Amino acid sequence: MRFPSSILLAMLLALAVSPLAWCQDPEDVKTAEDLINPIAEVDVLTFLVDQNWNFGPEEEGSVGTLTFIPRLSFRLSEDWFLKTRTILPFVWQNDLPLKGMDDTGLSDMRTAQYLSPARLTPGGWVWGVGPVWLLPTATEDTLGLDKWAVGPSAGAFRYVGPWLYGMLADQFWSFAGPGEREVNLTVLQPQVTYVAPTLTSFTLSTDATYDWESEQWLVPLNFRVSQLVKLGGVPFQVGIGGRYWLESPEFGPEGWGLRAQLSILLP
């Protein structure tokens, strides 16, 4: 099955350029930053589409992903929040691991819980720490690791005028599951975002993963342009961009890929 990602990309582009009511309130700059900040004190639903090519021994394979990312915040006290971030990917891959072999379905789910202070630090930082979990929710053997894993997660992001920068860091160690291969993964997600007066955001980031078992890096460099708009008074952020694979394992992705994003701020 080849998921019609081009249709979703076209919808996102159409939304981005449609004559919606553009947000003009200066405070909406903060909203634009919070929609991109993975540990901000907001409730957000994000849909992320990635399409990558040049997989496999003959570089004929492709992998597309539609990732559902809900972020929720719960006030524990006057001074503390519990923030959750869940990543659930739906994957369609073609000609992998060999030509003519296709799979479609859910991949493994990741979910993190952060204990975070209700106020920024004097330097303008928001931070959070807590556990992160890997759940074997893949519906096909080729789409997941078939292991349960857990470890620490931490994130810190700083607001400086129209700039937002910081990083998330996750570590996974497997503790159960029928898979023979042990999971020992470090995931580093630094990013920097600039929000222009037009509420257009420019984000440079990476999702660098190091596999300690195979001693291999997987490093895409992502660039995305996003626009904050309002539809019926509800803030949306739509974005599109590209990614370039700086490092990948043998038979992994190479060259350029595409990325599109839709984030909805919940009441």
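This one's a predicted model, so the numbers in the text were calculated from it and none came from an experiment.
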ask   = Using a distance-only test with no angle check, is there a side-chain donor-acceptor pair under 3.5 angstrom linking Lys83 and Ser73?
value = no
Distance-only donor-acceptor check, side chains Thr203 and Ser201, under 3.5 Å = no
Donor-acceptor pair, side chain of [X] and main chain of [Y], under 3.5 angstrom:
X	Y	value
Gln171	Leu185	yes
Arg110	Val132	no
Glu213	Val183	no
Asp28	Thr31	no
Thr206	Pro220	yes

Hey, what do you get for [atom1] ([X]) to [atom2] ([Y]), rounding to the nearest 0.5 Å?
X	Y	atom1	atom2	result
Gln227	Leu199	CD	CG	6.5 Å
Leu88	Thr67	CG	OG1	8.0 Å
Ser153	Asp170	OG	CG	3.5 Å
Trp163	Thr193	CH2	OG1	9.0 Å
Phe236	Leu231	CZ	CG	5.0 Å
Leu134	Leu145	CG	CG	6.0 Å

query = With under 30° as parallel and over 60° as perpendicular, where do the rings of Trp92 and Phe90 fit, or are they tilted in between?
reply = tilted
inquiry  = Please verify the inter-ring angle class for Trp127 with Trp80; under 30° counts as parallel, over 60° as perpendicular, anything in between as tilted.
reply    = perpendicular
task = Please check if atom CZ in Phe175 has more than 12 non-hydrogen atoms from other residues, nucleotides or ligands closer than 6.0 Å.
result = yes
CG/Asp141: more than 12 non-hydrogen atoms of other groups inside 6.0 Å = no
Closer than 4.0 angstrom, basic N to acidic O: yes or no for [X] and [Y]?
X	Y	value
Asp108	Lys147	no
Glu78	Arg119	yes
Arg243	Asp207	yes

What closest approach, in Å, do [X] and [Y] show between heavy atoms, and which atom pair accounts for it?
X	Y	answer
Ser107	Thr137	O-OG1, 2.7 Å
Gly128	Ile39	N-CD1, 3.8 Å
Gly105	Thr139	CA-OG1, 3.3 Å
Met167	Pro190	CG-N, 3.5 Å
Ser62	Phe55	CA-CD1, 4.1 Å
Ala154	Tyr114	N-CE2, 4.2 Å

Would you kindly confirm whether [X] and [Y] end up in one hydrophobic cluster when ILVMFWY residues are joined by side chain heavy atoms under 4.5 Å apart?
X	Y	value
Leu120	Leu168	yes
Val160	Val195	no
Tyr244	Trp53	no
Leu66	Met109	yes
Leu135	Phe172	no

message = Under the criterion side-chain hydrogen bond (donor to acceptor under 3.5 Å, both in side chains), I'd like the reasoning laid out for Asn54 against Glu60: C-alpha separation, chi angles, the key distance, then a yes or no.
response = CA-CA 5 Å; Asn54 302 324; Glu60 295 182 346; over 6 Å; no
In the structure I gave you, are the side-chain heavy atoms of [X] and [Y] within less than 4.5 Å of one another anywhere?
X	Y	answer
Leu143	Gln93	yes
Leu35	Val42	no
Val219	Trp245	no
Asp211	Leu218	no
Trp148	Pro136	yes
Phe202	Arg224	no
Arg259	Leu48	yes
Glu41	Arg75	yes

ask   = Going through the distances and angles, do Gln113 and Thr84 end up as a side-chain hydrogen bond (donor to acceptor under 3.5 Å, both in side chains)?
value = CA-CA 4 Å; Gln113 300 83 42; Thr84 67; over 6 Å; no
note = Sorted by chain and number, sequence neighbours left out, side-chain hydrogen bond (donor to acceptor under 3.5 Å, both in side chains) with Glu182 holds for Ser174
message = If you apply the rule side-chain contact (heavy atoms from CB on, under 4.5 Å), what do you find for Ile36 with Gln191, and how did you get there?
response = CA-CA 10 Å; Ile36 294 174; Gln191 74 173 59; 3.1 Å; yes
Measure from the ring center of [X] to the ring center of [Y] and say whether it is less than 6.0 Å.
X	Y	answer
Trp125	Tyr165	yes
Phe47	Phe68	yes
Tyr210	Trp212	yes

inquiry  = I'd like to know whether Leu204 forms a side-chain contact (heavy atoms from CB on, under 4.5 Å) with Leu221, so could you lay out the CA-CA distance, the side-chain angles of the two residues, the decisive distance to 0.1 Å, and finally the verdict.
reply    = CA-CA 7 Å; Leu204 185 67; Leu221 182 64; 4.0 Å; yes
message = Quick check with a 6.0 Å cut-off and a 45 degree axis cone: is Lys30 positioned over the face of Tyr159's six-membered ring?
response = yes
message = For a side-chain contact (heavy atoms from CB on, under 4.5 Å) check, start with the C-alpha distance between Val225 and Ile240, then their side-chain angles and the critical distance, and finish with the verdict.
response = CA-CA 6 Å; Val225 179; Ile240 191 165; 5.7 Å; no
key: Residue from Leu45, Thr46, Leu266 passing side-chain contact (heavy atoms from CB on, under 4.5 Å) with Pro70   = Leu45
inquiry  = What verdict does the side-chain hydrogen bond (donor to acceptor under 3.5 Å, both in side chains) test give for Gln261 and Ser263, after you've listed the backbone C-alpha separation in whole Å, the side-chain angles of each residue and the deciding distance to 0.1 Å?
reply    = CA-CA 7 Å; Gln261 157 253 334; Ser263 295; 3.0 Å; yes
inquiry  = Applying side-chain contact (heavy atoms from CB on, under 4.5 Å) to Thr142 and Leu96, what does each step give before you reach the verdict?
reply    = CA-CA 9 Å; Thr142 59; Leu96 277 176; over 6 Å; no
ask   = Would Thr65 and Asp50 count as a side-chain hydrogen bond (donor to acceptor under 3.5 Å, both in side chains) if you check the C-alpha gap in whole Å, the side-chain angles of each, and the deciding distance to 0.1 Å?
value = CA-CA 5 Å; Thr65 309; Asp50 291 299; 5.6 Å; no
